[in-house]
Amino acid sequence: DRAEMLAAIGVGSVDELFEQIPAPLRLGRSLELPDGMSEAEVFERLAALAARNADAEEQVCFVGAGMYDHYVPAIVDAITQRSEFLTPYTPYQPEISQGGLQVMFEFQTAMSELTGLPVSNAGLYEGPSSVASAGYLAMGATKRAKFVVSRGVHPHSRETLATYAVGYGADVVEVGLEGGLTDAAALAAAVDGETAAVILQSPNFLGAVEDVEALGAAAKEHGALLVVACDPMTLGILKPPGECGADIALGEGQPLGNRLDFGGPSFGFFCATEAQIRRMPGRIAGETTDVDGRRGFVLALQTREQHIRREKATNNICTAQALNALGAMVHLAWLGRNGFRELGELLVQRTAYARERLAAVDGVELLHTSPVAREFAVRLDAPVGKVLDRVAERGIAAGYPLGREYPEFEDGLLVAITERRTKAQIDELAEALGAAVAAERGAFPSQEDVKAPLAEEAR
Amino acid sequence: DRAEMLAAIGVGSVDELFEQIPAPLRLGRSLELPDGMSEAEVFERLAALAARNADAEEQVCFVGAGMYDHYVPAIVDAITQRSEFLTPYTPYQPEISQGGLQVMFEFQTAMSELTGLPVSNAGLYEGPSSVASAGYLAMGATKRAKFVVSRGVHPHSRETLATYAVGYGADVVEVGLEGGLTDAAALAAAVDGETAAVILQSPNFLGAVEDVEALGAAAKEHGALLVVACDPMTLGILKPPGECGADIALGEGQPLGNRLDFGGPSFGFFCATEAQIRRMPGRIAGETTDVDGRRGFVLALQTREQHIRREKATNNICTAQALNALGAMVHLAWLGRNGFRELGELLVQRTAYARERLAAVDGVELLHTSPVAREFAVRLDAPVGKVLDRVAERGIAAGYPLGREYPEFEDGLLVAITERRTKAQIDELAEALGAAVAAERGAFPSQEDVKAPLAEEAR
Amino acid sequence: MALTETPMQAERAKTIYEKSKPGRRAAALPATEVPEKPIADLIPSNLLRAEPPRLPEIAEPEIVRHYNRLSRRNFDLDSGFYPLGSCTMKHNPRLNERVAALPGHARLHPAQDPRRAQGALELMWLLQESLGEICGLPHVSLQPSAGSHGELAGLLLTRAYHADRGEQRTKVLAPDTSHGTNPASVTMAGYEVVKVATDEVGGVEMNDLRAKLAENAGEVACLMLTNPNTLGVFDENIAEIAKLIHAAGGTLYYDGANLNAVMGHSRPGDMGFDIVHVNLHKSFSQPHGGGGPGAGPIAVSDRIEPFLPRPQVVRREGSNGHGPGFDLEFERPKSIGRLRGFQGNFGVFVRSYAYILSLGGDGLSEASETAVLNANYLKARLAENRAGERLPIAFDRHCMHEFVLSGKPMKRDLGLATLDLAKRLLDFGFHPPTVYFPLLVEEALMVEPTETETKESLDAFAEAIERILTEAEQNPDLAKNAPYTTPVRRLDEVKATRQPVVRQRLEL
Amino acid sequence: MALTETPMQAERAKTIYEKSKPGRRAAALPATEVPEKPIADLIPSNLLRAEPPRLPEIAEPEIVRHYNRLSRRNFDLDSGFYPLGSCTMKHNPRLNERVAALPGHARLHPAQDPRRAQGALELMWLLQESLGEICGLPHVSLQPSAGSHGELAGLLLTRAYHADRGEQRTKVLAPDTSHGTNPASVTMAGYEVVKVATDEVGGVEMNDLRAKLAENAGEVACLMLTNPNTLGVFDENIAEIAKLIHAAGGTLYYDGANLNAVMGHSRPGDMGFDIVHVNLHKSFSQPHGGGGPGAGPIAVSDRIEPFLPRPQVVRREGSNGHGPGFDLEFERPKSIGRLRGFQGNFGVFVRSYAYILSLGGDGLSEASETAVLNANYLKARLAENRAGERLPIAFDRHCMHEFVLSGKPMKRDLGLATLDLAKRLLDFGFHPPTVYFPLLVEEALMVEPTETETKESLDAFAEAIERILTEAEQNPDLAKNAPYTTPVRRLDEVKATRQPVVRQRLEL
Ligand SMILES: Cc1ncc(COP(=O)(O)O)c(C=O)c1O
Ligand SMILES: Cc1ncc(COP(=O)(O)O)c(C=O)c1O
C-alpha cells in the first residue's frame with residue numbers, strides 16, 4: 001500500500017510530507033515513552049494498577065459527597081457499549097443519527113419530569129461546572145454580576161463557580177448555615193438589586209433538605225434567578241425545584257446509570273424555564289419532520305452554540321457527555337415511574353435507620369437534626385482521619401471527612417446510603433465506628449469478636 | 001392487560017387454563033426455592049460465590065490438559081455480546097440470518113485451513129464428545145465396530161468414547177505409550193480388518209508430538225479411518241492432520257477465543273475428507289444464491305440432520321455452540337495468518353525454556369523427552385498433591401496431576417504454557433516447585449526470601 | 001445502483017477472507033522473552049508445517065466493522081417478536097452475562113482443585129437442587145451439553161439400568177409428534193424406535209400404546225414423551241401411561257423442552273417420569289447464541305441415580321469446625337461414565353442459576369402462567385377473522401405455552417404454503433413460527449410467544465397474519481415471492497445441498 | 001405499506017414514553033430491610049413531591065429492544081468511513097473499554113483516601129508525564145473535561161499569569177480559521193476576540209498579526225492557535241509568531257485538536273507554546289459516544305505552572321522503606337482553583353493511557369505518519385478527474401492529517417451545494433466530511449481520514465465522490481433531494497429552532 005500511496009501523492013517517502021515542519025521544530029528523536037505492548041500485557045499492567053485501589057467491591061462504601069455507589073443495571077452497559085452509541089461523533093448529520101438524537105430527546109423529557117422544569121439540555125460535563133455555567137447564563141439574563149451562594153452548596157461547585165467568576169467577572173457572596181440549613185435571614189439580607197442569581201442546593205452538602213421555596217422568595221423579590229442544585233436520586237420523593245420556583249435546576253448526574261469511575265466521566269443535567277431556552281448551554285435535541293413528513297429529531301437552537309455564534313455563543317461547550325446521558329436514560333427507564341419513587345423511599349428509610357443507629361453509638365453524634373434524604377452528617381469524638389483508617393482496616397469506607405472544606409466541622413463525617421448498603425452493612429458500620437472511636441480514645445477492645453460479622457457479609 | 005386477555009380467551013382466570021392438568025398432578029404449593037431477588041442482590045450473591053474460586057487472576061495458571069489460559073482479545077467479547085449474535089436461534093430462516101450463517105462459513109474455512117482437511121462443520125459441543133461422534137461416523141462409514149485408541153488420547157475423550165460405544169455397540173481397544181509416545185508396534189498389531197477407526201491425539205495428553213503419518217499407516221492398510229484429535233493452537237507450526245493422512249481431525253476449541261469458564265461452554269471442531277461430507281455431524285453452512293442471484297448462505301446438507309432424517313440422522317445434535325465458534329473466528333481473524341504462526345512459535349519457545357528450567361530443579365525430572373509444543377510432563381520426587389498445595393499458597397497453580405488417570409504416573413505433573421505465562425512466572429514456578437519438593441522431603445527453607453519475586457510480579 | 005441499495009450493503013456480502021491483504025494484522029504479541037532456539041531443533045521438521053494456514057490478514061478496525069455489519073444481517077430476539085415454537089425464545093437478562101463474566105467464573109480452570117473452586121461447585125450444587133425441586137426428581141447431573149445430549153444420556157442410563165437387572169431391551173417408544181432429536185438419540189444409543197400414534201385431542205393414542213407394548217412385550221426399554229407435547233397439549237392420560245410403561249418394565253423419559261409451560265405447576269417426577277432433561281437455553285434464559293451454547297441437565301429418580309455420569313458434584317458435611325464442603329465424586333462404580341470433558345457448560349449454569357435466583361420459586365410459576373396466558377391469547381386472536389378460517393388450530397382446546405396451526409386451508413384456498421406465509425412475515429419484521437413441525441399436522445405452524453412478550457407484540461403479530469391473508473386474496477404472488485426487505489431474498493437451498501460449497505477457496 | 005418498509009421500521013420512530021403502559025416495570029428493588037416509618041415523619045410534607053415523575057413504565061425486554069433499534073438508526077465509526085474533519089475519528093480499541101471497566105477503576109470512589117487509591121493516582125501521574133513528553137511541556141493538569149474546557153482553563157491561567165504580574169490585559173488574538181470554541185471560550189473568560197487574517201498558503205498573515213499586535217499594544221493577553229491549523233496546514237512561521245507574541249508579553253495557546261498530525265514529530269512546547277490542551281477523545285482514542293465523554297488535559301510551561309487548577313496529582317519520594325507514593329496536592333496558593341468536581345474524567349484517562357501503552361512512543365509517531373500519509377493520498381485521489389475540477393483543494397500544498405476542499409465550482413457549475421454532496425454521501429454509506437468550516441473557505445469540505453483507515457476505504461470514498469459528481473451532471477436533483485436510504489430524509493431544522501419542541505408532552 002505505502003508505495004502505491006506515496007506514488008499517487010508524488011513523494012518518495014512519508015518524511016517528505018513532514019518537511020513542511022521547519023527542521024528546528026522537528027523532534028528528531030523518539031518520544032521518551034515505553035515501547036508498545038501487546039494487548040495482553042497492557043491488560044495485565046492496568047489490572048495491576050487497578051488492584052492497588054480500594055474500590056467499592058473491596059471496601060463497603062458509605063462515601064457520597066455527590067457521587068454514589070448505586071447499582072448500575074447490566075442493560076446500561078449492554079446498551080452503552082454498542083458501537084452504534086459508543087463510537088459516533090456529535091450528531092451533526094441528523095439523517096444518520098436518529099438513534100442518538102432520539103435518546104437526547106427522551107433524556108431531556110426525563111430530566112424535565114424530574115426537575116419540574118419545561119426545558120432540559122442533553123447534558124453538560126458534570127455537576128460543579130454546570131453551576132458555573134448557570135452563573136454565566138444568569139449574568140446574560142439579568143445583566144447583573146453578583147451571585148449569592150449558600151454554604152450548603154457542594155464545595156466543589158462553589159469553588160468552580162469562583163474560578164469561572166474571575167473570568168467572566170462576577171462577585172460571589174456566600175451565606176452560612178444554621179443547624180445544617182441555609183441561614184434564611186442572612187440570605188435575604190445578602191440578596192439585592194445587583195444579584196444575578198441565588199444558588200442553593202437541596203439536599204445540601206450536609207444532606208439536609210432545604211426549604212427551597214421559602215429561601216427562593218428573596219430571589220423573586222429582587223428579580224434574581226433562582227438556581228437549585230439537586231441530587232437526581234431524591235427527585236422521586238422531594239418536591240421538584242420547578243415547583244419551588246426555581247428558574248434553573250441542575251446537578252451531578254452520576255447517580256443515574258453512571259459508575260463512580262474515580263470521579264468521571266459522568267454528566268451534568270441542566271433544566272430551566274421556557275424564558276431561558278435561548279440562553280441554555282449545551283446541546284438540545286428537538287423534534288421535527290423530514291421532507292416526507294416523517295417524524296425526526298435534530299439538534300435544535302444551534303444558534304446558541306459556539307460553532308454558529310462563536311464569541312457570542314451562550315457557552316463554549318462542544319463535546320459533552322452524550323454517552324453518560326444515555327446511561328442515565330436507560331437506568332431511569334429500567335427503574336420506571338414506580339421503581340424510581342420506591343428507590344427514593346428506600347433511600348430515605350435506610351438513611352433514617354442508619355442515622356438513628358449511628359447517633360446511638362458512643363462517641364458519635366449527629367452534626368445536625370434537620371430532615372435528610374440519603375445522606376447525613378455526624379460528629380466523631382476522636383480524630384476523623386484516624387477513625388477512618390481503623391474502619392478501613394475492617395473493609396469499610398465510612399464516609400466523607402468534612403474537615404478540609406468545612407474547618408468549622410473538623411470532627412464532621414458525611415455518611416451516604418444507597419440501595420447497595422444493606423442493613424447488615426449499616427449495623428457493621430455502626431459497630432466499627434464505635435470500636436474505632438473507642439480505640440482512639442484509648443480503650444482497646446479485641447478486634448476479633450467484631451471482625452466476624454464482616455467476614456459473614458463478605459461470604 | 002390480563003383482564004382483556006382472559007376475556008378474549010373466554011376464561012375467568014389463568015388457573016382455568018391449567019385445569020387441563022389433572023388435579024392430582026398439579027403441584028398445589030409453591031416451589032421450595034428462595035424468593036426472587038433484585039438484580040443488585042443476585043449480583044452480590046454470585047459475586048460472593050465467584051470470590052471463593054481461585055481463578056487464573058488469583059493464581060498464575062500452568063494447568064492445561066485441554067483447556068488453556070490464553071488471552072481472549074477484547075473484540076471477542078465486544079462482538080459475541082452483540083444482541084444480534086447473542087440472542088437468535090439456530091438460523092432456520094436464512095434470509096434474516098445471513099450474519100450468523102456467513103460467520104459459520106468463515107469459521108468452517110478457518111478450521112479447514114488449520115486442519116488441512118476440505119470439510120468442516122460449524123462446531124460440536126466440545127472436544128471429548130466430538131471424538132465419540134467421530135466413532136459413530138466411522139462405524140457408519142466402515143460398517144465396522146472396533147476402535148483402536150492410543151492411551152495418549154485425552155482421558156476424557158477415551159472415557160466419553162467408551163460411554164457412547166456401549167450405546168451404539170462398539171469395542172474400544174487401547175494401545176499404550178512408550179517414552180511418551182504411542183507404541184507404534186502395539187498399534188500396528190491392534191489394528192485389523194474389523195477396525196472402524198484408529199484414534200490418535202497430537203500433541204498427545206502428555207504433550208508429546210506424535211508422528212501421525214507413521215502411526216496412521218496401519219489404519220490405511222486395513223481400511224480403517226484415521227481420526228486425529230489436536231490442539232488448534234499448535235496448528236500454526238505442526239503439520240496439519242490432513243497432510244498426515246487423517247480422515248477426520250477434531251478437537252477442543254476452547255483455546256480459540258473462549259474463556260476457561262470452569263470447563264464450558266466452548267466448542268468442538270470437526271473436519272473431514274470430502275468422502276465423509278454426507279456423514280458429518282452438526283450444522284454446516286453452505287454458499288448459494290438468492291432469487292436475484294445475490295450471494296447468500298444457508299444451512300447445507302440438512303438431509304443429514306435429526307430434524308429431517310430423525311432416526312436415520314448422522315447424529316442427534318441440535319443446539320451446538322455457534323456463539324463459541326464465533327468467538328474462535330474473531331480470535332483467529334485478530335491473530336491473523338502471521339500472528340497465529342508467531343503465537344505457535346512463542347508457545348514452543350517458552351515451553352522449551354520452561355521444560356529445561358524445571359528439569360534443572362532438584363527433585364523434578366522430565367517424564368519423557370519426546371518433542372513437545374506447549375505442554376510437557378514432569379515427575380516430582382514428593383507427593384504431587386502436597387507439592388501442589390504448597391505451590392498454591394504462593395499463588396501458583398502448577399499443573400495437572402496425572403495420578404488419577406495415569407496410575408503409572410502417580411508422581412506425574414502436566415505443565416502447560418500460554419502467551420500469558422511470562423518468563424518471570426516460569427522462573428517463579430521452578431523456584432516454587434523446588435522449594436515445595438524440598439520442603440516435602442523434610443528440608444524447610446524460609447518462605448520469605450522466595451516470596452518476593454511473586455509480589456513484584458503481582459504489582 | 002438502486003437508490004435504496006448503498007455500495008456498503010452490496011459490499012457487506014464479502015467474506016473476511018476477501019477483505020484480507022498480505023501483511024496486515026490486528027494482534028501484537030508479547031516478546032518471546034526466553035532464549036530462542038531454531039524450531040527444528042525442538043520439533044523434528046517432518047512434523048512441522050510448511051505454510052501457515054491462510055487465515056485472514058486484516059487490521060482490527062476492519063475486523064470490528066466486518067462483524068458488526070454481519071451482525072446487522074441477523075434478526076434477533078432483542079430486535080423483535082420471535083414466536084419460534086418449541087424453542088422458548090424468552091428474554092435473556094443481561095445480568096446473567098455480567099455474572100458469568102466475573103473472573104472468578106470466567107477464568108476458573110476446570111481442573112482447579114475442588115478445594116480451590118468451592119464457589120463454583122456450590123453454585124453447581126445449588127443449581128442441581130433447584131432443578132431437582134422444579135422437576136420433582138431428587139438427583140441431577142449437569143453434564144449434558146444440550147437437550148439432545150441429555151436424551152442420549154437418558155437412554156444410556158436406561159440401558160445401564162436394564163443391564164444392571166440383567167435385561168437386554170431393544171425398543172424405545174416415541175409418539176409421532178416427537179422432536180427429531182428423540183429418534184436420532186434412540187438410534188445413537190443403539191435402540192430401535194417404535195412410533196406411537198396421537199389421538200384426536202393431541203395426546204398419546206392409548207390403544208395404540210397398549211398395542212405397541214403388547215407387540216413388543218419385554219423389549220420396550222423406554223417411552224420418550226414431551227408433556228405438554230409438541231402440539232402444546234398436556235396429556236391427561238399421563239398417569240395411566242406411566243402405569244403402563246412401568247408395568248412393562250420400561251423407563252419413562254421426559255423431554256423437557258416444554259418445561260416452560262409447567263414450572264411450579266406440575267412436575268415430571270410427580271407425573272411418574274424417571275428421567276428428565278432440561279434445556280437451560282430454553283426455560284432458563286441462556287441466550288441461544290445463533291445455535292448454542294446450551295446445556296441439558298438431567299434429573300432422575302432413585303432407581304436411576306446409581307448410573308449417573310461421572311463426576312458428580314456432591315456436598316460433604318463439614319468436619320472439624322469447617323462448614324460443609326463441595327466436591328467432585330469420581331467413585332461411582334455403576335456410572336455410565338463421562339459424556340464429555342470436565343464438568344459441563346458451567347458458564348450456562350451461572351446464567352441459569354442467576355435466572356432462578358432472580359425470579360424465585362413464585363416468579364418461575366408466574367412465568368409459566370404468563371407463557372400459557374400469552375399462548376392462549378394469541379391463539380384466540382388467531383381464531384378470529386381470516387386467520388381462523390385459513391389457519392385453523394390443529395387441536396382445538398386450551399393450549400399450554402404453545403399451539404399448532406394448520407395451513408392446509410390456506411394452501412387450498414389461496415395457494416399459499418406455510419413457507420410463503422413465513423417468508424412474508426419477514427417483511428413485517430417478525431420471526432416466523434416453527435414451520436412443518438410437528439409432522440403429523442399438514443402445513444404446520446407452531447407458535448410459542450413466551451411470557452416475556454407484551455400484548456402489543458401479540459396483537460401486532462395477529463394483525464400481520466391477517467394482513468398477509470388479506471393481501472393474498474388479491475395477490476397471492478406477493479407472499480409467494482416474499483421476502484423483499486431482507487438482506488437477501490429466497491435462497492437456493494437445494495443447490496447448497498446438491499453441490500455443497502462449505503468453505504471458501506483461497507489462492508495461495 | 002411499501003414493500004420496502006416494514007411496520008417495525010415505522011414503529012421505530014416511537015419514543016419510549018409512547019411504549020409505556022401503567023403498571024409495567026423492569027427493576028425489582030431490594031426489600032427495605034429496616035423498620036419503616038411514614039415518609040412524612042421523616043421529611044416535612046411541604047417538601048415532598050405529590051406525584052412521581054412520569055418516567056416510562058416498561059419491562060426490560062422492551063427497553064432493550066427499544067434502544068437496540070434506536071442504535072441501528074445511528075451511523076457509527078464501527079460501521080464505516082467517518083472522515084469528519086477536525087474530529088479525528090480513529091478506531092476505538094475495545095481493550096480500552098475492558099480496562100476502564102475493571103472494578104478497581106469503575107467502582108473507585110473519587111473521594112477515596114489517596115493512600116487507598118495509589119493505582120489510580122499513579123495512572124494519572126503516568127498519563128501526565130506521557131502527555132508532557134508528547135507536548136514538550138513539563139506540567140500537566142488532567143482536570144478539564146473536554147477541549148473547550150481546556151481552552152477556558154488556558155485563558156483563566158493566562159489571566160492569572162498576567163494578574164500575578166500586576167497586568168490587566170483584555171484582548172485575545174485568534175485566526176479567522178479558528179474553531180468556534182476558541183472565540184466562545186475567550187468571551188467566557190472575559191476577554192475580547194481580535195481576529196487575525198490567514199495568508200495565501202493558509203498560515204497566519206504575519207503583517208496582519210503585527211498590525212493587530214501594534215493596534216492592541218499592551219492589551220494582548222494571548223494568541224490561540226491550532227497548528228497544523230484547521231486547514232490542515234502547518235504554519236511555518238510559528239517560531240516567528242511565538243517570538244512576536246512573547247515580545248508583546250502575551251501567552252501562546254495551542255489548541256491541540258490537531259495533535260494527531262504531529263505526535264512524535266513536533267512538539268508544541270518546542271514551537272514556543274505556553275499552554276496546550278489535548279483532546280483525549282481525538283488523538284488518544286477515547287470513543288466519542290455520540291457527543292462525549294471526552295477529556296481536555298492541559299500541558300503548560302514553567303511560568304504557567306504555579307496557576308494550574310487544584311488539586312494536582314503529585315509524586316512524593318518514598319519514606320522509611322516504602323516506595324514512592326502519589327498524592328493529591330490541594331495547597332497551591334496561586335492556583336486558579338477548581339474547574340470541576342473531583343479529579344477529572346478518570347475513565348477517559350484509563351482508556352487513553354491504555355492507548356499510549358499499546359502504541360508506545362514509536363507507535364504514536366507512526367500513527368501520525370500514517371494519518372498524514374492517508375490524508376495526502378486521499379487529497380491526491382480527490383485532485384483527479386471531476387473532483388479535482390469541481391472540488392479544488394483550498395490551499396494547494398502538502399497537507400498534514402487533514403485538508404479542506406472548496407465546493408464553490410461545484411455549486412457554480414452543477415448547482416450542487418456542499419450540503420447536497422454531503423447528504424448524497426449518506427446514500428453511499430459514508431459519513432460526510434465536516435462542512436462549511438472553516439468559515440473562510442467557501443462551501444468548505446474538511447476531510448480527515450485518520451491513520452486507522454485502509455487504502456480501500458479511501459479509494460471507495462474518492463470513487464463515491466466521483467460518482468456523485470458524475471450523476472449530478474445528468475441529474476443534479478438526485479443529490480439535491482438526497483438522502484434516500486436513511487431512516488429519515490432531510491429534516492426541517494429551521495422549524496426545530498423556530499418552534500422548538502424539546503421534550504415530549506405526556507398526559508397524566
Ligand atoms: C421438543 C424438543 N426436544 C428436544 C430438543 C433438542 O434440544 P437441544 O437443541 O438443546 O439439543 C428441542 C430443541 O429444539 C425440542 O424442541
Ligand atoms: C479545532 C478544534 N478546537 C477545539 C475543539 C473543541 O474540543 P471539544 O469538543 O473537546 O470541546 C474541537 C472539537 O471539535 C476542534 O476541532
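In what follows, chains carry the letters A, B, and so on, assigned in the order in which the sequence lines appear, proteins first and then strands, with residues in each chain numbered from 1.
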The interface call for A/Leu301 against chain D, heavy-atom contacts under 4.5 Å, is both
The interface call for A/Cys318 against chain D, heavy-atom contacts under 4.5 Å, is both
The reported gap from CG in A/Leu31 to CG in D/Asp362 (rounded to nearest 0.5 angstrom) is 8.0 Å
CD (A/Gln93) and NE2 (D/His431) are apart, to the nearest 0.5 Å, by 5.5 Å
So, the part of A/Tyr89 with a heavy atom under 4.5 Å from chain D: the answer is both
Under 4.5 Å to a heavy atom of chain D? For A/Pro94 that would be both
Applying a strict 4.5 Å limit to non-hydrogen atoms, the region of A/Val14 in contact with chain D is side chain
dist A/Gln98:CD -> D/Thr486:OG1 (nearest 0.5 Å) comes out at 8.5 Å
The interface call for D/Leu48 against chain A, heavy-atom contacts under 4.5 Å, is both
For A/Asp35, I'd like to know if atom CG has over 12 heavy atoms of other residues, nucleotides or ligands within 6.0 Å. no
If one checks every heavy atom of D/His149 against chain A at 4.5 Å, the contacting part turns out to be both
The interface call for A/Arg404 against chain D, heavy-atom contacts under 4.5 Å, is side chain
Rounded to the nearest 0.5 angstrom, the CD-CZ distance for A/Glu159 and D/Arg310 is 4.5 Å
Can any side-chain N or O of A/Gln349 pair as donor or acceptor with the backbone N or O of D/Thr32 at less than 3.5 Å? no
If one checks every heavy atom of D/Asn279 against chain A at 4.5 Å, the contacting part turns out to be neither
Rounded to the nearest 0.5 Å, the CZ atom of A/Arg82 sits from the CG atom of D/Asn74 at a distance of 10.0 Å
Under 4.5 Å to a heavy atom of chain D? For A/Phe18 that would be side chain
D/Asp492 side chain to A/Thr288 side chain, donor-acceptor N/O pair below 3.5 angstrom: no
Honestly, the part of A/Ile284 sitting under 4.5 Å from a heavy atom of chain D is side chain
If one checks every heavy atom of A/Ile277 against chain D at 4.5 Å, the contacting part turns out to be side chain
Ranking D/Asp270, D/Leu359, D/Ile16 by heavy-atom pairs under 4.5 Å to chain A gives rank one to D/Ile16
Honestly, the part of D/Asn481 sitting under 4.5 Å from a heavy atom of chain A is neither
Bottom line for A/Asp211: the part with an atom under 4.5 Å from chain D's heavy atoms is both
Bottom line for D/Ala160: the part with an atom under 4.5 Å from chain A's heavy atoms is neither
State whether a side-chain donor-acceptor pair under 3.5 Å links D/Thr370 with A/Arg2.
yes
When the 4.5 angstrom heavy-atom criterion is applied to A/Glu305 and chain D, the contacting part is neither
Honestly, the part of A/Ala392 sitting under 4.5 Å from a heavy atom of chain D is side chain
Is the NZ or CZ atom of D/Arg340 both under 6.0 Å from the centre of the six-membered ring of A/Tyr125 and within 45° of that ring's axis? no
Under 4.5 Å to a heavy atom of chain D? For A/Arg341 that would be side chain
Rounded to the nearest 0.5 Å, the CE atom of D/Met400 sits from the CD1 atom of A/Ile21 at a distance of 4.0 Å
Pairwise side-chain contact, D/Phe342 with A/Glu252, heavy-atom cut-off 4.5 Å (strictly under): no
Okay, D/Val186 and chain A: the region with an atom under 4.5 Å from a heavy atom over there is neither
Applying a strict 4.5 Å limit to non-hydrogen atoms, the region of D/Leu156 in contact with chain A is side chain
Cut-off 4.5 Å, heavy atoms of chain D, and the answer for A/Ala50 is both
